[in-house]
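Values below: all heavy atoms of this structure, side chains included; hydrogens, waters and symmetry mates excluded. One-based numbering, in listed order, for ligands and for the atoms of each. None of these values were measured; they are calculated from a predicted model.
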Amino acid sequence: MNQPTTDVTDPQPAREVPADVRVGVIGVGKMGADHVERLTRRIKGARVSVITDYVEQTARTVAATAPGSRVVSSPEELIAADDVDAVLIASPGQFHKDQAIACIEAGKPVLCEKPLAMNADDAYAVVLAEARSGGRFVSLGFMRRFDAEYAELKDALDAGELGTPVVINCKHRNASVAEGFLDEMMVYDSAVHEIDAINYFLEEPVVEVQTITPTPSENALEGQHDPMIFLFRTRSGKIVTDELYVNTRSGYEVRTEVLGSRGIATIGMNVARVTTQLEGGRWGGSVPADFRPRFRDAYDAEVQAWIHAIEDGSNIAARSAGVWDGYVTAATCAAAEASLTSAGFVAVELRERP
Ligand SMILES: NC(=O)c1ccc[n+]([C@@H]2O[C@H](COP(=O)([O-])OP(=O)(O)OC[C@H]3O[C@@H](n4cnc5c(N)ncnc54)[C@H](O)[C@@H]3O)[C@@H](O)[C@H]2O)c1
């Protein structure tokens, strides 16, 4: 009897090769194009499948950099597309509410750039939509939670290394901002990062905020305030200061200092990766031009963690902000904005968590 031979043409059991998560990107201006580049070149397990932008030519230009992607003419079409498993929203903040709710209703995980909305009611509408869905779909683009220095500071606080924190001092500086960057955007687009950092580090809400402004810098837009100084008081009485100055003309800088009962920790001091000593006795380094080089690794870590969370079915990475964080930050922004035109501290009104 012939011995059975191994037939090399026998079909082998199919090996499960995980398919890439197909991501649709809404809005491919500065931030969206940056996300398309990272999803295409650096993130494992994902690719950009569909792109849309209010300006179609912008969508076409960015799609040309993402092999295999196609352009559609509206966010609704993108969210409904069969070749979109997950959505990244990087349109301006006033569109986030409707686009995020559409993703929830389509049952698709979404990484929504901050802010969740430009007012507390709209943010709460997204909270309710997710609660109604019975699932968890929305991660919010507070990428600082994924920055190595932020994560190290958070872990030190959680381990009690600094004792009880009593004061946090934050500084947030941009070289310049786009034309039309109004006071509202100073609060909802910029200070919102520090407001989320309060949630992240202290895990307690802000109960009141006061915004004070010096005579505006000559670089501030006509009728707008820059810099702004915010004073936040949290539920247990901790104080957080935030100095926001978006027209420094120098570069991008984000610093955080935590004063605790057993020590002080500071992050964001070493903005220059290389320092130089040059002829003439000059010494120094360079400041990042904007947020992209400063937080490039954090954005990569954030998007990679999001893709992993989609792969494992949890949809939202452990460190990530979700809709409730988005609502709390929007409600705090509303009080900070109201404080621009009223005296003293303004209370933060928080609705019930569903
Ligand atoms: N996480 C961060 O650090 C960070 C940094 C910068 C910007 N952002 C956020 O990213 C978002 C986009 O900011 P940006 O700086 O890229 O702005 P941008 O103006 O450069 O880009 C926005 C793009 O969206 C398009 N667009 C406008 N309305 C749209 C709509 N209804 N649907 C689809 N596309 C639309 C515009 O044509 C533009 O191409 C904002 O929410 C902003 O706050 C986050």
Under 4.0 Å between heavy atoms, the region of Lys114 that gets near ligand 1 turns out to be both
Identify the protein heavy atom lying closest to atom 38 (C) of ligand 1, giving its residue, its atom name and the separation to 0.1 Å.
Asp53 OD2, 3.5 Å
side-chain contact (heavy atoms from CB on, under 4.5 Å) for Glu152 and Ile267? Distances and angles first, verdict last.
CA-CA 9 Å; Glu152 201 173 319; Ile267 59 173; over 6 Å; no
As a check for students: among Gly29, Ser74, Pro92, identify the option with a heavy atom nearest to atom 21 (O) of ligand 1.
Gly29
Do you know which of Glu184, Met228, Gln210, Met186 makes side-chain contact (heavy atoms from CB on, under 4.5 Å) with Leu340?
Met228
Among Asp83, Asp85, Asp82, which residue satisfies the salt bridge (charged side-chain N to carboxylate O under 4.0 Å, His left out) criterion with Arg22?
Asp85
Glu77 and Thr52: side chain donor to acceptor below 3.5 Å:
no
Is it possible for you to check whether Arg144 lies under 6.0 Å from the centre of the six-membered ring of Tyr200, through NZ or CZ, and within 45° of that ring's axis?
no
Sub-4.0 Å protein heavy atom next to atom 19 (O) of ligand 1
no
Which protein heavy atom lies closest to atom 4 (C) of ligand 1, and at what distance to 0.1 Å?
Met31 SD, 3.6 Å
With a heavy-atom distance limit of 4.0 Å, tell me whether Tyr54 approaches ligand 1 through its side chain, its backbone, both, or neither.
both
Please state which part of Glu113 comes within less than 4.0 Å of ligand 1, counting heavy atoms only: side chain, backbone, both or neither.
side chain
Pairwise distance OG(Ser139) to CG(Asp325) - rounded to 0.5 angstrom:
10.5 Å
At a 4.0 Å threshold, what atoms of ligand 1 neighbour a non-hydrogen atom of Gly141?
1 (N)
heavy-atom search around atom 28 (N) of ligand 1 in the protein gives Phe95 CE1, 3.3 Å
Does His96 have a heavy atom less than 4.0 Å from any atom of ligand 1?
yes
Nearest 0.5 Å, what's the CG-CZ distance between Asp147 and Arg294?
4.5 Å
Atom 2 (C) of ligand 1: of Phe142, Tyr188, Tyr299, the nearest heavy atom sits on Tyr299
Could you tell me, atom by atom, which parts of ligand 1 come under 4.0 Å of a heavy atom of Ile26?
33 (C)
Taking only non-hydrogen atoms of Gly93 and a 4.0 Å limit, the atoms of ligand 1 in range are 41 (O)
Are Glu243 and Arg173 ion-paired here, with the side-chain N under 4.0 Å from a carboxylate O?
yes
Does the pair Asp34/Lys30 count as a salt bridge with the N-to-O cut at 4.0 Å?
no
For atom 15 (O) of ligand 1, the protein heavy atom that lies nearest, with its residue and separation
Lys30 CB, 3.9 Å
Once you round to the nearest 0.5 Å, how far does NE2 of His96 lie from CE of Met118?
9.0 Å
Do Thr58 and ligand 1 have an N or O pair less than 3.5 Å apart?
no
At a 4.0 Å threshold, what atoms of ligand 1 neighbour a non-hydrogen atom of His193?
1 (N), 2 (C), 3 (O)
Pull out every atom of ligand 1 sitting under 4.0 Å from any heavy atom of Phe291, numbered as shown with elements.
5 (C), 6 (C)
So is Gln99 close enough to ligand 1, meaning a heavy atom under 4.0 angstrom away?
yes
How far is atom 12 (C) of ligand 1 from its nearest protein heavy atom, and which residue and atom name does that atom have?
Ala90 O, 3.2 Å
Quick check on the 6.0 Å ring-centre criterion: do Phe201 and Tyr150 meet it?
yes
With heavy atoms and a 4.0 Å threshold, my read on which part of Pro75 contacts ligand 1 is side chain
For Asp189, atoms of ligand 1 separated by under 4.0 Å from a heavy atom
42 (C), 43 (O)
Which atoms of ligand 1 sit under 4.0 Å from any heavy atom of Val55?
37 (O)
State the SG-CZ distance between Cys170 and Phe232, to the nearest 0.5 angstrom.
8.0 Å
side-chain contact (heavy atoms from CB on, under 4.5 Å) evaluation trace for Lys114 with Asp189
CA-CA 7 Å; Lys114 42 62 50 175; Asp189 277 300; 3.8 Å; yes
Which value, rounded to the nearest 0.5 Å, describes the distance between Thr234 atom OG1 and Glu208 atom CD?
10.0 Å
Considering Gly27, Gly32, Ala33, Ser91 one by one, which has a heavy atom nearer to atom 40 (C) of ligand 1 than any of the others?
Ser91
